[in-house]
Amino acid sequence: MGALDEGHLNLDLDIGMKNGCIDLAFELQPETLAIQDAVKLLLQALHEDVNREGIKKTPFRVAKALREGTRGYKLKVKDYVQSALFPEAGLDEGVGQAGGVGGLVVVRDLDHYSYCECCLLPFHVRCHIGYVPSGQRVLGLSKFSRVTDVFAKRLQDPQRLADDICSALQHWVKPSGVAVVLECSHIHFPSLDLDSLHLSSHHGFVKLLVSSGSGVFEDESSNLWGEFRSFLTFKGVKTQALCRNGSSVKEWCPSVKSSSKFSPEEDPEMVSAVVSILKSLGEDPLRKELIATPTRFLKWMLNFQRTNLEMKLNGVNSAKVNGEVKEKRLHCELNMPFWSMCEHHLLPFYGVVHIGYFCAEGSNSNPIGNALMKSIVHFYGFKLQVQERMTRQIAETLSPLVGGDVIVVAEAGHTCMISRGIEKFGSSTATIAVLGRFSSDNSARAMFLNKIHTTNALKTDSSSPF
């Protein structure tokens, strides 16, 4: 056995004894190592230095996130349900319906995430469950979220996920019936059409509502289903958008219907790397729903290949003002969408960038055009990034073009905040970079930030599930 340095020994030989057998630490398990090797290959294909700070540990972080996000394959519903069925008498027959006999129970707003089997990107799931108890027993409320997690933590599509949850509860709880409604949100695939840069034409997320029912809920036109939908409507769920019998579900993933002009050539080694990841997660890469998944995942990932993008400054030089100079005026470009990929976890983050700068009212001092601003945001977004760095880079690039006085604010939702152990649904991140006058003039910063507030630049109604 070769010699190991003390640090490596302390880190990697963290093993336990279980049932008399060696239980390998997570970082030493074959599945973890295989995913790390695959991710290293993918990073190298993106022309990244796998040894640079920032991404040196990315292969391990990706392996941890993926294995944690698909742990449902090893979980069993009965382990959560069998010990959580509690006696509840309810009402006598003929008197009414309540409790453990015939009373409708609705559990709403269970936030989860799952990984899309079409493209391997995480999608957000808000689950609502209704059931009618029978046999004078009820299920502990926390177990509905546990059961949902068993099936959400797998490679999934929305309809199958709803059906899995419904079937499992019907089988193990044995109620009179179960109804499940899922609100699912999947990030769009951005366009790489640098000529038009019509980023505003893309909404942030594809949204889909699906349902499943069993027992007394098999007929979705029944009065019971109507009551269940009413309880969801009270919470703002637009139940009229429910897809029936799987309609519109098959191609809900943007990778399936993406019309992007960007079509990277398939690299057999990269495809094999993604296949290796699927196998390490316990999946069958030959399952018909997964056959095209490696290609779709690579299509997303290669959006961020560093060498394929150019920033078009169109001959714009540093700002110069000739003639009589009047008082500088604040110019703003707000709500410019961007897409990027977190270099720490290879997961997307999406949001908007706001830019402010002071421009002198001189004879040759025209404001920077919107198209140029979008080009710069586009350029720095389509990389393996961290939001703090991206914000700084945009500001530093713009500074000489606008005379040095520039402020940049980026606001984004990060899928790494929901699709890992922390699971912080509803969180968002804002970063700011200031140069020139904005770095010392508090009133100038306040004026710009007030512009963002008054124009309601970051809308949360339909563009983001975070």
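All values below were derived from every heavy atom in this structure, side-chain atoms included, with hydrogens, water molecules and symmetry-related copies excluded.
No donor-acceptor pair closer than 3.5 Å links the side chain of E183 to the backbone N or O of C127. Between the Q156 side chain and the Y115 main chain, no donor and acceptor come within less than 3.5 Å of each other. E88 places no side-chain N or O within 3.5 Å of a backbone atom of P133 that could act as its donor or acceptor partner. At distances below 3.5 Å, not a single donor-acceptor pair connects side-chain atoms of K57 with backbone N or O atoms of G54. No donor-acceptor pair under 3.5 Å is formed between the side chain of H186 and the backbone N or O of V206.
Within the 4.5 Å cutoff, the side chain of L169 has heavy atoms near those of the I129 side chain. Contact annotation: the side chain of F228 approaches that of V181 to within less than 4.5 Å [non-hydrogen atoms, C-beta and beyond]. Side-chain contact between L110 and D149 is absent, with no heavy-atom pair separated by less than 4.5 Å. Side-chain contact between M390 and I394 is present, with heavy atoms from C-beta onward closer than 4.5 Å. Proximity of F26 to F60: side-chain heavy atoms (C-beta onward) are separated by under 4.5 Å at one or more points. Residues M341 and L347 are not in side-chain contact: their nearest non-hydrogen atoms beyond the backbone lie 4.5 Å or more apart. Residues P175 and V132 are not in side-chain contact: their nearest non-hydrogen atoms beyond the backbone lie 4.5 Å or more apart. Residues I165 and L161 form a side-chain contact, since some pair of their non-hydrogen atoms from C-beta on lies under 4.5 Å apart.
How far CZ of F123 is from OG of S114: 4.0 Å, rounded to the nearest 0.5 Å. Considering CG of N51 and CD of E53, their distance stands at 9.5 Å, rounded to 0.5 Å. Separating the CG atom in L182 from the NE2 atom in H124 is a distance of 11.0 Å, to the nearest 0.5 Å. Note: F234 CZ to R108 CZ = 8.0 Å, rounded to the nearest 0.5 Å. Summarising the geometry, atom CG belonging to L232 is positioned 7.0 Å from atom OG1 belonging to T239; distances are rounded to the nearest 0.5 Å. Here S280 contributes atom OG and D37 contributes atom CG; the two are 9.0 Å apart, rounded to the nearest 0.5 Å.
Judged by a 6.0 Å distance limit and a 45° cone about the ring axis, K153 is positioned over the six-membered ring of Y113.
The residue from E283, R296, R160 that alone fulfils the side-chain contact (heavy atoms from CB on, under 4.5 Å) condition with E117 is R160. Only one option out of V271, V274, L290, L278 pairs with P285 in a side-chain contact (heavy atoms from CB on, under 4.5 Å); it is L278. With V178 as the partner, the side-chain contact (heavy atoms from CB on, under 4.5 Å) test is satisfied by one option alone out of S212, S167, S214: S214.
Listed here is the closest heavy atom pair of Q393 and Y380: OE1-CD2, 3.2 Å.
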- Task: Mind running side chain to side chain donor-acceptor pair (under 3.5 Å) on E27 and T32 for me, showing each step along the way?
- Result: CA-CA 6 Å; E27 59 266 27; T32 303; over 6 Å; no

- Could you go through the salt bridge (Lys or Arg N to Asp or Glu O under 4.0 Å) check for D79 and R146 one step at a time? CA-CA 10 Å; D79 293 340; R146 295 288 191 184; over 6 Å; no

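In the model, E227 has no side-chain atom that pairs as donor or acceptor with a side-chain atom of N223 under 3.5 Å.
The six-membered or imidazole ring of F144 lies near that of Y131, with a centre-to-centre distance under 6.0 Å.
Here V386 pairs with E343, H344, E388, R389 under the side chain to side chain contact (heavy atoms under 4.5 Å, CB included) rule; sequence neighbours left out.
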